[in-house]
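Step one of this worksheet: look at the structure below.
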Amino acid sequence: MRVPNETQRVEFGGWTLRVRPSTAPQARLLLLLHGWTGDENSMWVFAQDFPADFWIVAPRAPYVTKPTGYSWRPLQPDHREPPTLKDLRPSAEALIGLADAYGAANHLNAEQFDIIGFSQGAALSNTLMLLRPERIRRAGILAGFVPIDGEALVTQHLLDGKPIFVAHGSSDEMVRIEYARQSVELLQRAGASVTFCEDNVGHRVSAGCLHALETFFA
C-alpha cells in the first residue's frame with residue numbers, strides 16, 4: 001500500500017481523514033471509501049495518479065473491527081453476511097454531512113462530489129447513489145455490489161446518465177462476479193451510464209482496470 005507523500009492525516013468533526021488538498025480554483029471533491037477492516041490509508045493505490053484538480057478525502061469508517069481496522073456498519077454476529085442498505089444507511093447519511101461540512105470549511109463546492117469505494121466501501125457508494133443520487137457526480141465501484149434491499153429503490157430514471165465505473169475480478173471468492181453483473185444490470189435499469197471492467201483476478205482491481213479507472217475519472 002502506497003500513500004502519497006503529499007497527503008496529510010487530519011481530524012475533522014469527529015472523523016479521521018487522510019487528505020490530498022488541491023490548489024485548483026474549481027477543485028472537485030473525491031471521497032475514497034475503504035472496505036471492511038480498512039482505514040483512511042487503504043484506498044490511495046486507486047487515486048495516487050489522479051490529477052491535481054481533485055481534492056481527495058479518505059475517511060476512516062466509524063465502527064471498529066477486530067483485531068484491527070474499521071467498518072461502515074456495526075459489528076455483526078457473522079461478518080461474512082453482506083451488508084444491507086439498512087446497515088449502511090447511517091454511514092451514507094453521515095458521509096453526506098461530512099461532505100457538506102468539509103466542503104464549507106475548505107471553500108469547496110460539495111453540492112456534487114465523486115466517490116470511489118472498494119468492497120464494503122463500494123456497497124456504501126451504491127447506497128449513497130440510491131439514497132442521494134443528486135449529490136453524486138460520478139462513481140467508481142470496485143469489487144462491490146448493490147445491497148440486496150437496495151433493489152426496491154431502483155426506478156427507471158433514478159440515475160439518468162450518471163457515469164459509473166464498475167471493476168470486478170472474475171475469480172473473486174469474497175464477492176462473486178455474479179453480484180457485480182447483477183449490480184450493473186440494476187444500475188443500467190436506473191438509467192446510469194456504466195463502464196464495466198472485468199478481469200481474471202481475485203478480490204482486488206487488476207492493473208488494466210486500474211488504468212481504466214484513472215481514464216474514467218480523468
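Counting begins at 1 with the first residue of the sequence.
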Student check: side-chain heavy atoms of [X] and [Y] closer than 4.5 Å:
X: Leu159; Y: Ile136; answer: no
X: Phe118; Y: His203; answer: yes
X: Phe196; Y: Ser183; answer: no
X: Ile96; Y: Phe113; answer: yes
X: Leu32; Y: Trp44; answer: yes
X: Asp100; Y: Arg135; answer: yes
X: Leu131; Y: Leu85; answer: yes
X: Pro59; Y: Trp72; answer: yes

Parallel under 30°, tilted from 30 to 60°, perpendicular over 60°: which one fits the rings of Trp55 and Tyr102?
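Rings of Trp55 and Tyr102: perpendicular, over 60°.
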What orientation do Phe54 and Phe217 show, parallel under 30°, tilted 30 to 60°, or perpendicular over 60°?
perpendicular
Side-chain donor/acceptor of [X] to backbone N/O of [Y], under 3.5 Å:
X: Gln120; Y: Ser71; answer: no
X: His168; Y: Tyr179; answer: no
X: Lys162; Y: Pro133; answer: yes
X: Gln112; Y: Glu134; answer: yes
X: Asp172; Y: Ile177; answer: no
X: Ser91; Y: Leu88; answer: no
X: Thr65; Y: Tyr70; answer: yes
X: Asp199; Y: Val201; answer: no
X: Asn106; Y: Leu108; answer: no

Nearest heavy-atom neighbours spanning [X] and [Y]:
X: Gly103; Y: Ala110; answer: CA-CB, 4.2 Å
X: Phe145; Y: Pro83; answer: CZ-CD, 3.6 Å
X: Ala47; Y: Arg20; answer: O-NH1, 4.2 Å
X: Val166; Y: Leu187; answer: CG2-CD1, 4.3 Å
X: Ala24; Y: Ala52; answer: CB-O, 4.4 Å
X: Leu130; Y: Gly150; answer: CD1-O, 3.7 Å

Could you measure the distance from the [atom1] atom of [X] to the [atom2] atom of [Y]? Nearest 0.5 Å is fine.
X: Asp49; Y: His211; atom1: CG; atom2: NE2; answer: 10.5 Å
X: Leu29; Y: Leu98; atom1: CG; atom2: CG; answer: 8.0 Å
X: Met129; Y: Leu124; atom1: CE; atom2: CG; answer: 10.5 Å
X: Glu151; Y: Glu185; atom1: CD; atom2: CD; answer: 10.0 Å

Same hydrophobic cluster for [X] and [Y], using side-chain heavy-atom links shorter than 4.5 Å among ILVMFWY?
X: Val184; Y: Leu153; answer: yes
X: Val57; Y: Ile116; answer: no
X: Leu31; Y: Val205; answer: no

Answer yes or no: are there more than 12 heavy-atom neighbours, outside Glu173 itself, under 6.0 Å from its atom CD?
no
Flag yes if more than 12 heavy atoms outside Glu178 fall under 6.0 Å of its CD atom; otherwise flag no.
yes
Sidechain N-carboxylate O distance under 4.0 Å for Asp149, Arg89
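Salt bridge: no.
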Any chance the rings of His34 and Phe46 have centres within less than 6.0 Å?
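No; Phe46 has its ring centre 6.0 Å or more from that of His34.
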As a quick check of understanding, evaluate side chain to side chain contact (heavy atoms under 4.5 Å, CB included) for Leu142 and Phe165, giving each step before the final call.
CA-CA 8 Å; Leu142 313 178; Phe165 179 89; 4.2 Å; yes
Could you go step by step and tell me if Arg9 and Arg60 meet the side chain to side chain contact (heavy atoms under 4.5 Å, CB included) rule?
CA-CA 11 Å; Arg9 184 175 175 274; Arg60 176 192 294 176; 3.4 Å; yes
Hey, mind stepping through Leu95 and Leu128 against side chain to side chain contact (heavy atoms under 4.5 Å, CB included) and telling me if it holds?
CA-CA 9 Å; Leu95 284 170; Leu128 270 166; 4.1 Å; yes
Steps toward side chain to side chain contact (heavy atoms under 4.5 Å, CB included) verdict (Trp36, Arg73):
CA-CA 9 Å; Trp36 183 69; Arg73 68 169 176 177; 5.9 Å; no
